[in-house]
Amino acid sequence: MQLNPSQQEAVHAIRGPVLVLAGAGSGKTRVITEKIAHLITRCAIPARHIGAVTFTNKAAREMKERVGQTLGREYTRGLTVSTFHTLGLTIIRKEVKNLGMKSGFSLFDDQDSFALLKALTEDEIDADKAMLKLLQSQISNWKNAMLQPQQALEQAKLPDEQMFAEFYRRYQQNMQACNALDFDDLILLPTMLLKTNESARERWQKKFQYLLVDEYQDTNTSQYELVRLLVGKDANFTVVGDDDQSIYSWRGAQPQNLALLQRDFPQLQVIKLEQNYRSCKRILKAANILIENNPHVFDKKLFSEMDEGEPLRVIKGRNEEHEADRVVAEIVRQRFLARTPYHFFAILYRGNHQSRVFEKALLNQRIPYRMTGGQSFFARAEVKDIMAYLRLLVNPSDDTAFIRIVNLPKRGIGPQTVERIGELAHELHVGLYEAAQHHQLETRLGTREYAQVQEFVQLISQAARRCDHPPEVASTLYGLVKEIGYEEWLYEVSPSQAAAEMRYKNINELLRWVTEMVKGDTENEPLTLEQSVAKLCLRDMLSRNEEEDQADQVQLMTLHASKGLEFPHVFMVGMEEGLLPHQSSIDEGNVEEERRLAYVGITRAQQTLTFTMARERRQYGDVMKPEPSRFLFELPQDDIEWEEQRAANEEAKEQQRQSGMDLLRKALEKN
DNA sequence: ACGCGCCGAATTTTT
DNA sequence: TTCGGCGCGT
């Protein structure tokens with residue numbers, strides 16, 4: 001299919017900064033893909049000098065795939081399509097020396113950081129979980145705002161702030177000692193480097209002669225700064241975004257970055273993509289009218305040349321179970337009437353906890369479903385365990401990993417022993433693993449304990465040595481897992497045999513990924529173990545299992561998780577004040593983001609859209625009678641069928657019929 | 001190995 | 001308030 005005029009304009013605008021305001025379903029991925037192709041084939045920019053940045057691995061994979069399809073693989077060699085974080089990691093790897101880092105660093109995920117903060121604060125203050133979360137997000141905010149601990153300390157006024165800033169300093173100190181980086185560092189470090197180091201800046205500006213950024217409304221301050229530093233004076237770049245789909249501001253995303261572009265680049269070209277190719281007219285109209293209730297920097301009005309479509313419906317259940325039953329009944333009916341496959345249906349909700357009743361209802365009717373989100377693969381304890389082994393293999397300074405696995409499975413190294421190792425490590429200013437290897441340790445531990453520690457050290461160091469030879473990596477890792485008796489241990493501690501099997505399967509999956517990455521294939525260069533582990537930490541695997549994606553299953557997910565997807569039939573459930581908009585957003589006066597969330601949900605639907613709610617909902621044990629979401633009243637009422645309204649209509653019709661009959665009967669009686 | 005009892009969650013989480 | 005997960009004790 002041909003590109004429409006504005007899409008073409010977006011593709012052909014290659015001089016200077018370009019902002020593409022891409023409404024939902026307006027074909028933005030296609031525009032980015034075509035633009036990359038255009039740059040390579042028509043503008044003679046070598047693929048290796050083009051960078052495209054996304055937020056998710058999935059988006060990056062898809063984009064790579066589509067550029068490959070358009071151009072043929074041979075033209076895309078050297079093309080950079082990656083997430084912000086992977087790009088950051090690439091820069092850090094190339095600039096380790098300039099950053100004063102050791103290679104073989106670990107990447108900490110949020111859980112690791114949290115654990116570190118917990119350990120740091122433990123013997124100082126009795127911080128509860130909420131406080132630690134707050135501290136964690138404060139540190140993240142500081143990093144995203146590019147503030148070093150020093151500056152945070154200086155700016156902190158309240159004693160609480162000062163305490164947080166002090167923990168920030170200690171956190172950074174500890175991270176450095178562990179030779180570890182967190183996700184925010186992957187952006188912050190390259191940004192600071194490019195800011196201060198002119199030759200590095202020139203190097204990377206030369207590397208990326210053209211830069212494209214997807215989902216620009218989700219960038220935070222340091223990401224925007226990184227983009228600015230990378231594009232330099234020439235400012236040849238395209239960013240694509242939609243301020244109406246900004247739903248991650250609570251994570252530090254700065255949708256204002258869209259507006260800032262105009263200030264920072266006065267020559268900015270703004271191109272709007274307003275034709276929607278996804279939804280029928282009624283759905284799109286509803287979305288437009290809803291979002292008009294929000295203030296806008298850039299005006300935009302989507303239009304569709306699709307069918308008018310059916311009216312949007314509102315269904316009310318007696319309670320949340322009934323609501324779920326009715327959604328499921330609706331799916332069954334549709335499937336029966338129109339042979340609609342299950343994967344054409346999506347159930348979207350505000351919070352993960354809402355999924356349970358729907359799972360139950362689907363299970364009752366034996367309907368296959370798939371839940372995205374929830375507990376992720378990498379949050380599973382067994383995966384974290386083995387990941388800790390991998391991390392220690394590539395980074396002996398990773399104390400967090402050491403502590404996790406030194407006595408796992410149980411090998412008689414108790415907290416006492418670990419404490420002693422810690423003391424020695426502290427005295428010698430080295431990591432735990434190095435201290436465990438130190439001869440001074442022998443005098444401080446019992447013979448038995450010392451022997452156990454030495455066995456562990458041997459285990460790791462031998463495996464690490466063998467991992468230096470790529471052909472041996474696979475056998476070493478499988479051998480290591482066997483040697484520590486992890487499978488047997490899983491069977492011991494798991495609540496059921498099935499659970500143990502599941503867990504062991506996860507471990508094998510993990511090891512399969514690593515070994516495949518180390519081996520490489522026709523598409524992917526072989527990687528070192530270190531690189532592979534980093535990729536795993538960034539959740540950037542070769543390919544996820546596709547059977548699950550393709551199975552015919554009803555899709556269950558949060559509204560957040562639905563961004564970027566589309567479904568023929570969408571159910572937005574729990575459309576109640578307090579849920580959507582969420583109570584805490586109402587309290588904080590941030591209903592606008594909730595409205596955008598509703599907007600995202602609505603614009604996922606292609607053919608039909610059904611809102612549901614419960615008249616009664618159990619919450620904290622007592623029963624609530626929620627009001628319908630205010631967003632339902634903001635929608636064009638002509639295009640909405642409220643259930644009771646329809647019921648009322650039918651009742652009225654029935655009454656008419658009745659009274660007609662009455663009249664007739666009376667007339668007959670008279671005669 | 002199993003069971004009991006206690007504690008925590010209840011908003012979203014691209015990396 | 002309730003449910004689920006985890007940890008400890010037998």
Side-chain angles (χ1 to χ4, degrees), chain A residues 53-62 82-89 107-114 128-130 133 136-137 140 143-144 181-188 213-220 222-223 241 245-253 320 348-357 360 372-376 378-381 491-497 499-500 534-541 557-565 574 576 578-588 590-591 593-594 596-598 600-601 617-624:
Chain A
V53 187
T54 63
F55 273 85
T56 67
N57 293 305
K58 197 172 154 213
R61 255 199 307 275
E62 274 170 19
S82 73
T83 64
F84 260 106
H85 292 87
T86 302
L87 176 65
L89 180 65
L107 297 180
F108 277 19
D109 66 16
D110 293 336
Q111 277 187 49
D112 298 318
S113 302
F114 186 86
D128 59 355
K129 199 173 173 183
K133 285 273 176 225
Q136 190 178 26
S137 72
S140 181
K143 289 192 177 191
N144 290 332
L181 300 176
D182 62 25
F183 287 145
D184 297 323
D185 290 330
L186 292 179
I187 312 298
L188 181 62
V213 184
D214 192 16
E215 302 282 10
Y216 188 73
Q217 75 282 351
D218 291 338
T219 51
N220 61 37
S222 64
Q223 284 162 339
Q245 291 187 68
S246 160
I247 54 175
Y248 284 107
S249 69
W250 52 274
R251 271 202 96 184
E320 59 258 59
L348 309 181
Y349 36 80
R350 176 68 233 261
N352 276 311
H353 66 279
Q354 290 172 260
S355 69
R356 259 169 66 188
V357 269
K360 216 181 231 169
T372 22
Q375 213 209 8
S376 84
F378 286 92
R380 292 166 180 276
Y491 278 91
E492 266 173 48
V493 298
S494 300
S496 71
Q497 188 170 330
K535 265 194 162 221
L536 284 174
C537 291
L538 292 176
R539 320 294 188 241
D540 184 12
M541 283 71 73
M557 67 190 78
T558 63
L559 287 161
H560 282 91
S562 76
K563 197 175 81 167
L565 305 175
E576 298 153 27
L579 268 180
L580 184 72
H582 193 271
Q583 190 57 48
S584 37
S585 299
I586 299 173
D587 297 342
E588 288 162 24
N590 189 15
V591 176
E593 180 142 321
E594 299 287 306
R596 289 193 290 270
L597 202 46
V600 166
R617 188 175 291 273
R618 271 198 307 277
Q619 207 173 24
Y620 306 107
D622 47 24
V623 179
M624 308 276 297

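Lettering of chains follows the sequences in order, A, B, ..., and the numbering in each one begins at 1. What's counted below: heavy atoms across the whole structure, side chains too, no hydrogens, waters or symmetry copies.
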Might you list the N or O atoms of the protein lying below 3.5 Å from N or O atoms in nucleotides 1-7 of chain B, with each pair's distance?
none

* To do: Taking side-chain contact (heavy atoms from CB on, under 4.5 Å) as the test, write out the residues that go with A:Ser140, two or more places apart.
  => A:Asn144, A:Asp184

* Please name all residues satisfying side-chain contact (heavy atoms from CB on, under 4.5 Å) with A:Arg356, sequence neighbours left out, ordered by chain then number. => A:Glu359

* Asked: Of all residues at least two apart in sequence or in a different chain, which pass the ring pair (Phe, Tyr, Trp, His ring centres under 6.0 Å) check with A:His582?
  -> none

* Asked: If you measure from the Lys or Arg side-chain nitrogens to the Asp or Glu carboxylate oxygens, is any gap between A:Arg251 and A:Asp218 under 4.0 Å?
  -> no

Using atom names, set out every protein N or O paired with an N or O of nucleotides 8-11 of chain B below 3.5 Å, distance rounded to 0.1 Å.
{"from": "B:dT11", "atom 1": "OP2", "to": "A:His582", "atom 2": "NE2", "distance (Å)": "2.9"}
{"from": "B:dT11", "atom 1": "O4'", "to": "A:His582", "atom 2": "NE2", "distance (Å)": "3.4"}
{"from": "B:dT11", "atom 1": "O2", "to": "A:Arg350", "atom 2": "NH1", "distance (Å)": "3.1"}
{"from": "B:dT11", "atom 1": "O2", "to": "A:Arg350", "atom 2": "NH2", "distance (Å)": "2.5"}
{"from": "B:dT11", "atom 1": "N3", "to": "A:Ser584", "atom 2": "OG", "distance (Å)": "3.4"}
{"from": "B:dT11", "atom 1": "O4", "to": "A:Ser584", "atom 2": "OG", "distance (Å)": "3.0"}

* Take atom CG of A:Asn220 and atom P of B:dT15, then tell me their distance rounded to the nearest Å. => 15 Å

* With A:Tyr216 via ring pair (Phe, Tyr, Trp, His ring centres under 6.0 Å) - residues at least two apart -> none

* Tell me whether the OP1 or OP2 atom of B:dT15 has a side-chain N or O from A:Asn57 closer than 4.0 Å. => yes

* **Set of residues satisfying ring pair (Phe, Tyr, Trp, His ring centres under 6.0 Å) with respect to A:Tyr349, sequence neighbours excluded** => none

* Any A:Thr83 side-chain nitrogen or oxygen under 4.0 Å from OP1 or OP2 of B:dT14 -> no

* Partner set under salt bridge (charged side-chain N to carboxylate O under 4.0 Å, His left out) for A:Asp112, not counting sequence neighbours -> A:Lys384, A:Arg391

Between the protein and nucleotides 2-4 of chain C, list the N/O to N/O atom pairs that are separated by less than 3.5 angstrom.
{"from": "C:dC3", "atom 1": "O3'", "to": "A:Arg356", "atom 2": "NH2", "distance (Å)": "3.1"}

* Asked: Between A:Gln245 (CD) and B:dT12 (C1'), how many Å, whole number?
  -> 16 Å

* Asked: In chain order, what residues pass the side-chain contact (heavy atoms from CB on, under 4.5 Å) check against A:Thr86, with sequence neighbours excluded?
  -> A:Asn57, A:Ser82, A:Thr83, A:Thr90, A:Leu538, A:Asp540

* Excluding sequence neighbours, so at least two apart, what forms side-chain contact (heavy atoms from CB on, under 4.5 Å) with A:Thr56? -> A:Lys58, A:Ala59

* Can A:Trp250 be said to stack with the base of B:dT12, given centres closer than 5.5 angstrom and planes under 30 degrees apart? -> yes

* With sequence neighbours left out, what residues match A:Arg617 under salt bridge (charged side-chain N to carboxylate O under 4.0 Å, His left out)? -> A:Glu323, A:Glu576

